[in-house]
Amino acid sequence: MTDKIIFATGNEGKMREIRLILADLGVEILSLKDAGIEVEIQENGKTFEENAVIKAKTVMEASGTLVLADDSGLEIDYLNGEPGVYSARYLGEDTSYRIKNQNLIDRLSGVPDEKRTARFVCVIAAAFPDGRIRTARGTIEGIIGYEERGGGGFGYDPIFWLPEYGCSTAELTLEKKNELSHRGKALRAMKEELERERAE
Ligand code: ITT
């Protein structure tokens, strides 16, 4: 394996979590910005898997190095899985999460706890310079809260409530969120895959 991996994301919240999870891999992790890569990524897949692979492949082809990418989102059962793969684009890419989160709370107005079930999904894709592709998926189950809680995390974290912990994912430390989260699970599975490849 190379001594450098590019992580194809422009999302700084993701990048903070990713850097911590991959810290012990012994490989330098570069963001798109660190690597100075500016490419147009056509995120037009219908699934998290398709979009993660599109991101990883596009950047691998531009850089020639091993590239990882993350496609993730929030699925709310009462809303038939919305916002799903459109999580970043929900109500518009530039709309603040204060507004997106309040809108989702409003759409669930009057809906009882047992029907507020939701999950975060994360798919990590690896695109190797020889053309091989690997993916790994992770999820975390929760319910949509009644108000925003907490200042940590990013995106929809303030409304993603974990009943068994009595807090939102925005109220967890970075370490605890990584231990429990969709991204932590998917990325640890991918890390094992990369370590196996390295051992071969
Ligand atoms: P990149 O494509 O550059 O990685 P992005 O933010 O556009 O960044 P996605 O298309 O994968 O990434 O959208 C994921 C969205 O899902 C993200 O912007 C958040 O709104 C939401 N999301 C994913 N993981 C989350 C998490 O751990 N906590 C809160 N919201 C999350």
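The figures that follow rest on heavy atoms only: side chains count, while hydrogens, waters and symmetry mates do not. All ligand and atom numbering here is 1-based and tracks the order in the structure. One-based numbering along the sequence shown. As the structure is a prediction and not an experimental result, all values here were calculated from the model.
Residue contacts with ligand 1: Phe160 is excluded, as none of its non-hydrogen atoms falls under 4.0 Å. Look at Arg89 and you'll find every heavy atom at least 4.0 Å from all atoms of ligand 1. At least one heavy atom of Gly73 sits closer than 4.0 Å to an atom of ligand 1. In this structure, Lys177 counts as a contact residue of ligand 1, since one of its heavy atoms falls inside 4.0 Å of the ligand.
Ionic pairing of Asp24 and Arg188 is not present here: no N-O contact between side-chain nitrogen and carboxylate oxygen is shorter than 4.0 angstrom. A salt bridge links Glu193 and Arg196; the closest N-O separation between the charged side-chain nitrogens and carboxylate oxygens is under 4.0 Å. Contact check on Arg132 versus Glu197 returns a salt bridge, with a Lys/Arg side-chain nitrogen under 4.0 Å from an Asp/Glu carboxylate oxygen. Ion pair Lys55/Asp71 flagged as a salt bridge, since at least one NZ, NE, NH1 or NH2 atom sits closer than 4.0 Å to an Asp/Glu carboxylate oxygen.
A donor-acceptor contact shorter than 3.5 Å is absent between the side chain of Asp106 and the backbone of Asn103.
Of the inter-residue distances, the one linking Ile41 atom CD1 with Leu32 atom CG reads 6.0 Å to the nearest 0.5 angstrom.
Given atom 24 (N) of ligand 1, the protein heavy atom at minimum distance is Arg183 NH2, 3.0 Å.
Partner of Lys177 under the side-chain contact (heavy atoms from CB on, under 4.5 Å) criterion, out of Leu20, Ile140, Asp157: Asp157 alone. With Tyr90 as reference, Leu104 is the one residue of Ile99, Leu74, Leu104 to meet the side-chain contact (heavy atoms from CB on, under 4.5 Å) rule.
A 6.0 Å sphere centred on OH of Tyr97 holds more than 12 heavy atoms belonging to other residues, nucleotides or ligands.
Between Phe120 and His182, the ring planes lie parallel to each other; the angle is under 30°, not in the 30° to 60° tilted range.
Annotation for ligand 1: atoms under 4.0 Å from non-hydrogen atoms of Lys55 are 1 (P), 2 (O), 4 (O), 9 (P), 10 (O), 11 (O), 12 (O). Listed by number with element, the atoms of ligand 1 under 4.0 angstrom from any heavy atom of Tyr97 are 17 (C), 18 (O), 19 (C), 20 (O). Close contacts of ligand 1 with Asn11, meaning ligand atoms under 4.0 Å from a residue heavy atom, involve 3 (O), 6 (O), 8 (O), 18 (O). The atoms of ligand 1 that sit less than 4.0 Å from any heavy atom of Asp71 are 9 (P), 10 (O), 11 (O). Ligand 1 places these atoms under 4.0 Å from at least one heavy atom of Asp70: 4 (O), 11 (O). Heavy-atom proximity to Thr9, at under 4.0 Å, picks out these atoms of ligand 1: 1 (P), 3 (O), 4 (O), 8 (O). Near Ser72, meaning under 4.0 Å from any of its heavy atoms, are these atoms of ligand 1: 11 (O), 13 (O), 14 (C), 15 (C), 16 (O), 23 (C), 24 (N). The ligand atoms of ligand 1 that sit less than 4.0 angstrom from a heavy atom of His182 are 24 (N), 25 (C), 26 (C), 27 (O).
At a 3.5 angstrom cut-off on N or O pairs, Glu17 does not count as close to ligand 1. In terms of polar-atom proximity, Gly10 is counted as a contact of ligand 1, with an N or O under 3.5 Å from an N or O of the ligand.
The part of Phe120 lying near ligand 1 is the side chain, judged by heavy-atom distances below 4.0 Å.
Taking the ring centre of Tyr86 as origin, the terminal cationic atom of Arg89 falls outside the region bounded by 6.0 Å and 45° from the ring axis. Cation-pi geometry between Arg116 and Tyr146 is met: the NZ or CZ atom falls under 6.0 Å from the ring centre, inside 45° of the normal.
Residue nearest to atom 25 (C) of ligand 1, selected from Tyr90, Phe154, Tyr86, Tyr156: Phe154 (by heavy-atom distance). Of the listed options Met15, Lys14, Glu43, Glu43 places a heavy atom closest to atom 10 (O) of ligand 1. Counting only non-hydrogen atoms, the option in Ser168, Ser87, Ala88 that gets closest to atom 7 (O) of ligand 1 is Ala88.
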